[in-house]
Every structure is written in C-alpha cells, then in structure tokens.
Chemist: 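My questions all concern the structure below.
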2 protein chains.
Amino acid sequence: MTSGVGTLSEASEAYPRIQRRTLHDEVLERMRDMIIEGTLAPGQRINEGLIGAQLGVSRTPLREAIKTLASEGLVEIQPAKGAIVRKFSSTDMRNILEVLKNLEQLGGRTACENASDETIAAIRALHDAMMEQYRVRNRLEYFKLNQAIHSAIVAASGNDVLMEMHGTLQARIKRLRFIGNEGPDKWAGAVAEHEAMIEALEKRDAEALTEVIRLHMDSTRLRVWDVL
Amino acid sequence: MTSGVGTLSEASEAYPRIQRRTLHDEVLERMRDMIIEGTLAPGQRINEGLIGAQLGVSRTPLREAIKTLASEGLVEIQPAKGAIVRKFSSTDMRNILEVLKNLEQLGGRTACENASDETIAAIRALHDAMMEQYRVRNRLEYFKLNQAIHSAIVAASGNDVLMEMHGTLQARIKRLRFIGNEGPDKWAGAVAEHEAMIEALEKRDAEALTEVIRLHMDSTRLRVWDVL
DNA sequence: ATTGATTATGCTGCATACAGAATACTTGCC
DNA sequence: GGCAAGTATTCTGTATGCAGCATAATCAAT
C-alpha cells in the first residue's frame, strides 16, 4: 500500500493534510535552492551565523538542515571547520550520470509496463509544454520542465524508492546541467532526444526507451563536460 | 565518556589521518546499529530525552543525527510529534530490492570490466571466509561477511556514487534480511547463489553475473517475504 | 459506563549560552 | 621584507532553557 508508516498518507488521500512546517525543513528547501542557483557557490564555506541571520533563523535549525544536505551529498562537513558546498569533479560527474542513467532506464522500463495511459499522457503534456518554452527560448522554464519530465518518467514506474534515489542524484547535478545546456546546438540536441523518449514511452517500447535514455544521458555528459 | 578516536587497524592501514569525531557522528553510528539490531524497533517512537540520557549526550547532537537518519530513510520525522523508526511495508521492500538489484547489477558489470585481479581475489577471500562461517553455522559472522561481499562487489566498480546509493538502501533492509535468512534451506540457497556470483566475477562474465544477481535478489525477496 | 470537555504532563522545536578549536592578526626578530 | 611565535577573534560543537503543541489524565454529565 502506502510507504512508511502510512498514517499520514492515508489521511491525505481524501483531505488536504495540514502540513506543519518546521524551520529546518524550510531552511533545507531554501538552502537547496541557494546551492542550485549558485548563491552558495561550490567550494564556498557556509558560515552558520551569517546564513542564519540572512534567513532570520537561529543556528539550531540551520545546522539540522545542513546535516540533511550533507546526507544528500550537496555539502560536505569538516569537523570543527564547518560545511562547504560540495564541488564535483569530472569523475564525480561521470559516476553520478552513470548511476542516474541506470535509474532512469529502470524507471522507464517499469513505466512502460505499469504506467497508466493517463500518466503517460500527462508526461506528453509536460513535453509539449517544454517544447513551447523551447520555441520561445525561455531557458529557465524549459529547464524546469525538462527536469520535471525526467522525474515524471521515473515516477511513472510507481517505485517510490527509485524516485527518491533519482531525486537526490538529480539534485546534485542540477546546477551543472543547467549551465551545460547553454548554446543552441547543445540545446537542440537535448530537445531531439527528449522527443524520442516520449515517443518510445507512448509506444511502451521499453527496449527503445532504454536505448534513448542511454543516448540522452551519455550526451548529457558531453554537454556538461566543459563546464567542469 | 567518548570512545577513542580511531581503531588501531585503521591507523595501521595507511597514513594516520587525524579524524576528529563529532558527537552527532558517533550518535549516528550508534543509532544505526540500534535500529539494525532491533533495539529500536520499527514503529517505535524515539524519545530524545531518553535516548540522549542513555547515550550520555544532550539533545542537540542527537537531533542532528536523527535528521541524517531521516534523510537515509531509516526513521520518519513527524513535526511536533517526533521521530519514529521506519516500518517498511511489503511494497517498500519490493521497491528497495528492485532498485538494489539494478544497482548491484550495474556494479557487477562495471566490476567485471574495471576491477583489478587483486580486488577480485580479495572478494573471493571474503567469500571463502563466509563459507567457513557457514560451515560452523555462525550466523552473525556469516551475515556480516555476506553484506561485506555485496558491498565489495559494488565497490569494485570504482563508482563512489554507486557505492553510496547501494549503502543507504542496503542499510534499510539489513535487519529484515538478517531475520529473513533464518532456516537452513533458505540459508543454503543463498550460499549457492553467492558461490555462483563469485565464479562469474572471477571469469569477468558480466552477462552471467548480472543474471546471478537477478536471481539472488529475487530469491532474497522470497526469503524475506514472510518476515513482513 | 461511556462520552466529552478540561486540566496536567511530557516532549518537541527553537533560541541562546558557553567552551574549545581554527583562523586571522599582531608583534618581534632575523 | 619575510618568517615565526604568540595573541585576539571568529566560528563551530554542545548543553541548556523556554515556549508551544500533543497526548495522557481527570472529572462531569448524560
């Protein structure tokens, strides 16, 4: 049924759950964004007092958020020295993309079997919306939809754990990927690959989808290469 | 009150890097063990004051450790209510094993290509040691070596990210897996599959290894099934 | 007796205080 | 001028205090 303990998710089925926000959760979200946006640059040390003041929060919830970020691999904690925004080497990048590729392939294959027609149609809708943003050259919105599609395909597998793992890895390279897609040629290539992905998914052709994802992720590595 | 900085074996391994241990790190490790051992049972609420006193630590580092455990998926945090040890449903279990299978397959394939002969020999040594523990029916030591072998195969791929993801997922089902292997028939089955894995790895037969891992993980699901 | 309301207790979430380490700075010496 | 030692400052790591929510306990009323 539902994952975890399930009491909350069952309740949220019918009624919108009243979500009590904690500060560390809020801070966590904000800091993730700051890292992805580059406000917190890779290699930069995180001064707890400073960031805390900036967010209007004491050090306690901030530190708790940092621990989570560390567990997600977005920051690195050096005892008695503090946390620094993690800097990814080209090897890290290759490793991440390799795993990400396999996760998406698994997600895609499973989605071909399990996903409902509605779910696939929704992904197609995302794709169309993305293409529209491509037409008008709105890179930020395009990018967001792009990420959403990748997530949606994995989500369509119905495997929560897979989604979770995919999400953390995707977060790690989000920034580099965004920068990497600069340049019209690269952009065009990525768009073409996406089109093929959606088509394979609609045909529920797991074999083809797997191959396209392989191609797409390997291309991504090339596109991102010179950003490092 | 705090234990030593590092073990002797670590120090003699390579150059002794002075690693400053923080309390939240220490607590994190301890709590992981407590969850796996069952001292903290699934579904049980974690009382910060209680556990803190038990470990001789204030609530601050404890809470930080809990945040990490939550990020690892071992506990679940309910705002204003506290953290509870996560209880996995059969669906969760299936999802975890599905992803784990794919990660290990990727690790195995890559290891067949990249791993040095020495690395593979070391894994064979682990396997032989495990078989010895099987012979004397030392289930705990057997289990530890079993886990170590799976980790070692993934590690042999040289992909750190893969190792990390594999590690977190492995931790989630560690306890269930341990309980699941009870009974001589199940145990014998697992041992046979392991033997085949090592042989495939030594031949660097990626195809065969992938298939054995598939078999092994699917069998694991069956072995663990009735524990839920 | 059961239900509902009300009080009481316990625990979490956050802020703050303090000790010790790490870094920056100053000063003296060559 | 450059280097070294010693001092000052900053920042992290941990403990503690306090407010608010959640739950348990108590009691009243039907």
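Convention: sequence-line order gives letters A, B, ...; per-chain numbering from 1. No hydrogens, no waters, no symmetry mates; every other heavy atom, side chains included, goes into these values.
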Chemist: Write out all pairs satisfying side-chain hydrogen bond (donor to acceptor under 3.5 Å, both in side chains) with one or both partners inside residues 120-130 of chain B, taking only residues at least two apart or from two chains.
Modeler: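 As it turns out, the side-chain hydrogen bond (donor to acceptor under 3.5 Å, both in side chains) pairs with a partner in residues 120-130 of chain B, which skip direct neighbours, are B:R124-B:D128, B:R124-B:E202, B:H127-B:E195.
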Chemist: What is the distance from CD1 of A:I84 to P of D:dC11, rounded to the nearest Å?
Modeler: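 About 17 Å, once rounded to whole Å.
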Chemist: Examine C:dT23: is either OP1 or OP2 under 4.0 Å from a nitrogen or oxygen in the side chain of A:K81? Give yes or no.
Modeler: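 Answer is yes, contact under 4.0 Å.
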Chemist: Distance check: side-chain N/O of A:R63 vs OP1/OP2 of D:dG13, anything under 4.0 Å?
Modeler: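 It does, given that an N or O in the side chain of A:R63 lies less than 4.0 Å from OP1 or OP2 of D:dG13.
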Chemist: Nearest 0.5 Å, please: how far is CD1 in A:I35 from CG in A:L40?
Modeler: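 With rounding to 0.5 Å, CG (A:L40) is 5.5 Å from CD1 (A:I35).
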Chemist: Grab the CD1-C1' distance between B:I66 and C:dG13 for me, whole Å please.
Modeler: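 Those two atoms, CD1 and C1', are 12 Å apart.
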Chemist: Between atom CD in A:E26 and atom C1' in C:dA15, what is the gap in whole Å?
Modeler: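 To the nearest whole Å, that distance equals 17 Å.
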Chemist: Could you state the CG-C1' distance from B:L23 to C:dA21, rounded to the nearest angstrom?
Modeler: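 Going from B:L23 (CG) to C:dA21 (C1'), I get 15 Å.
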Chemist: With respect to the side chain of B:S58, which nucleotide from D:dT16, C:dA22, C:dT16 is positioned closest?
Modeler: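 Between D:dT16, C:dA22, C:dT16, the one nearest the side chain of B:S58 would be D:dT16.
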Chemist: Between B:E64 and B:R59, which has a closest nucleotide on DNA chain D that is more 5'?
Modeler: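 In this pair, the answer is B:E64.
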Chemist: Would you kindly give the CG-to-P distance between A:L55 and C:dC14, to the nearest whole Å?
Modeler: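 So the CG-P distance, A:L55 to C:dC14, works out to 13 Å.
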Chemist: Can you find a side-chain donor-acceptor pair between B:N102 and B:R214 that sits under 3.5 Å?
Modeler: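 B:R214 and B:N102 do not have a side-chain donor-acceptor pair below 3.5 Å.
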Chemist: OP1 or OP2 of C:dG13 versus the side-chain N and O atoms of A:H24: is any pair under 4.0 Å?
Modeler: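 For C:dG13, neither OP1 nor OP2 has a side-chain N or O of A:H24 closer than 4.0 Å.
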Chemist: A:I77 has an atom CD1; how far is it from atom C1' of D:dG13, in whole Å?
Modeler: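 Checked: the CD1 to C1' distance equals 11 Å.
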Chemist: Which residues, if any, of residues 38-52 of chain A bring a heavy atom under 4.0 Å of DNA chain C?
Modeler: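 When residues 38-52 of chain A is checked for heavy atoms under 4.0 Å from DNA chain C, there are no hits whatsoever.
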Chemist: Any cation-pi pair here, B:R139 with B:Y134, using under 6.0 Å and within 45°?
Modeler: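 No, a cation-pi geometry is absent between B:R139 and B:Y134.
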Chemist: Kindly say whether, by distance alone, the side chain of B:R21 makes a donor-acceptor pair under 3.5 Å with the base of D:dG13?
Modeler: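 Flag unset: no donor-acceptor pair detected.
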Chemist: Are side-chain N/O atoms of B:S157 and B:T110 paired as donor and acceptor at under 3.5 Å?
Modeler: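 Side-chain D/A pair, B:S157 to B:T110: absent.
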Chemist: Hey, does the side chain of B:T60 come within less than 4.0 Å of D:dT14's phosphate (OP1/OP2), counting only N and O?
Modeler: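 So the side chain of B:T60 is outside the cut-off, no N or O lying under 4.0 Å from OP1 or OP2 of D:dT14.
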Chemist: Please tell me whether B:Q170 and B:S151 have a donor and an acceptor in their side chains that are separated by less than 3.5 angstrom.
Modeler: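 Yes.
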Chemist: For B:R172 and B:E72, indicate whether the former's side chain and the latter's backbone hold a donor-acceptor pair under 3.5 Å.
Modeler: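 Confirmed, B:R172 side chain pairs with B:E72 backbone.
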Chemist: Find the distance A:L62:CG to C:dT16:C1' and express it as a whole number of Å.
Modeler: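 Going from A:L62 (CG) to C:dT16 (C1'), I get 15 Å.
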